[in-house]
Amino acid sequence: MEEAVGVHADRYLNRIYTERELADCAGSPERLAARFAAKEAALKVLRPADEGVGWKSIEVVRDPAGWVDLRLSGRAAALAAEAGATSFAVSLTHEGAYASAVVVAELEGRRGT
Amino acid sequence: MTDEIRQIIREHARLPVDVDTLADDADLFQAGMTSHASVSVMLALEDAFDLEFPDRMLKRSVFESIAAIRAALTELNEEAAA
């Protein structure tokens with residue numbers, strides 16, 4: 001993450017993250033990495049087949065109480081609607097050089113992760 | 001164009017193998033390129049070729065091989081010239 005930001009700087013950040021995500025991360029590479037992991041996990045749940053989904057159409061929104069939610073827009077939101085995804089749950093974690101995320105969606109009566 | 005693509009992959013894809021050992025149609029993700037590294041490759045390609053990949057091209061198949069990348073760049077250049 002540090003390398004990506006160092007090499008591509010604002011172009012990388014503005015391409016992948018929304019303004020709100022950047023504000024929440026406050027430059028922390030760990031938080032950025034965890035949010036990237038969440039976007040990847042969400043894509044795997046949405047299963048867009050062979051179509052492009054903008055990175056910022058999947059947004060990780062931080063609640064002041066500490067948890068995070070996913071907010072979908074554009075093509076990501078459309079895919080969720082097509083799949084009948086009624087709700088998403090996301091959990092982030094980061095420690096040292098590692099960050100990970102889990103996304104669970106309720107899909108019309110069956111669960112996808 | 002292919003040589004430049006290979007150089008970008010060499011510098012940004014973080015492959016555990018030498019890109020020179022990969023055929024143009026070799027799967028870069030199977031060769032070890034992660035999703036995050038593919039973003040770095042994408043940005044480097046945009047810098048090098050002075051273009052921007054639209055959202056519709058932000059998909060695995062566009063970056064899965066040197067040949068696929070070359071085809072995408074050609075398509076974008078043709079669109080820009082039109």
Side-chain angles (χ1 to χ4, degrees), chain A residues 1-18 21-22 25 29-60 72-79 92 94 97-103, chain B residues 4-16 19 25-80:
Chain A
M1 178 59 64
E2 288 175 342
E3 183 177 330
V5 175
V7 172
H8 302 290
D10 287 348
R11 287 186 59 244
Y12 169 80
L13 295 173
N14 294 327
R15 198 63 179 279
I16 304 296
Y17 304 98
T18 65
E21 288 175 320
L22 291 175
C25 292
E30 293 84 5
R31 290 184 178 180
L32 290 169
R35 278 154 178 77
F36 186 90
K39 292 169 187 276
E40 271 290 289
L43 279 173
K44 289 183 169 78
V45 171
L46 293 173
R47 300 179 186 180
D50 191 36
E51 62 175 295
V53 178
W55 291 100
K56 293 198 280 191
S57 67
I58 302 168
E59 183 182 27
V60 176
L72 305 182
S73 61
R75 190 57 193 144
L79 286 168
L92 309 180
H94 51 78
Y98 299 97
S100 69
V102 176
V103 172
Chain B
E4 200 161 2
I5 294 171
R6 283 183 175 271
Q7 182 60 26
I8 287 169
I9 291 169
R10 183 176 294 111
E11 292 177 0
H12 296 279
R14 301 174 69 93
L15 292 176
V19 67
D25 62 352
D27 190 316
L28 296 172
F29 293 102
Q30 289 218 354
M33 183 173 72
T34 65
S35 297
H36 193 260
S38 74
V39 173
S40 291
V41 167
M42 178 196 74
L43 292 171
L45 289 166
E46 291 184 339
D47 272 343
F49 293 94
D50 192 25
L51 47 69
E52 183 168 318
F53 287 95
D55 280 359
R56 64 179 173 80
M57 282 191 167
L58 298 183
K59 53 187 180 178
R60 188 183 179 96
S61 62
V62 166
F63 300 97
E64 70 180 357
S65 71
I66 292 164
I69 292 170
R70 186 174 58 222
L73 293 174
T74 300
E75 180 182 331
L76 288 173
N77 282 331
E78 289 174 354
E79 287 177 2

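Numbers restart at 1 for each chain; the letters A, B, ... are given by sequence-line order, proteins then strands.
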CD1/Ile16(A) to NE2/His36(B) distance, rounded to the nearest 0.5 angstrom?
7.0 Å

From Arg11(A) CZ over to Met42(B) CE, what is the distance, rounded to the nearest 0.5 angstrom?
7.5 Å

Just to verify, what does Lys56(A) make a salt bridge (Lys or Arg N to Asp or Glu O under 4.0 Å) with, not counting sequence neighbours?
none

Sorted by chain and number, sequence neighbours left out, salt bridge (Lys or Arg N to Asp or Glu O under 4.0 Å) with Arg15(A) holds for Glu46(B)

Measuring from Asp50(A):CG to Glu64(B):CD, what's the distance to the nearest 0.5 Å?
8.0 Å

Should we count CD of Gln30(B) as having more than 12 external heavy atoms under 6.0 Å?
no

Shortest non-hydrogen contact from Glu40(A) to Ser35(B)?
OE1-OG, 2.8 Å

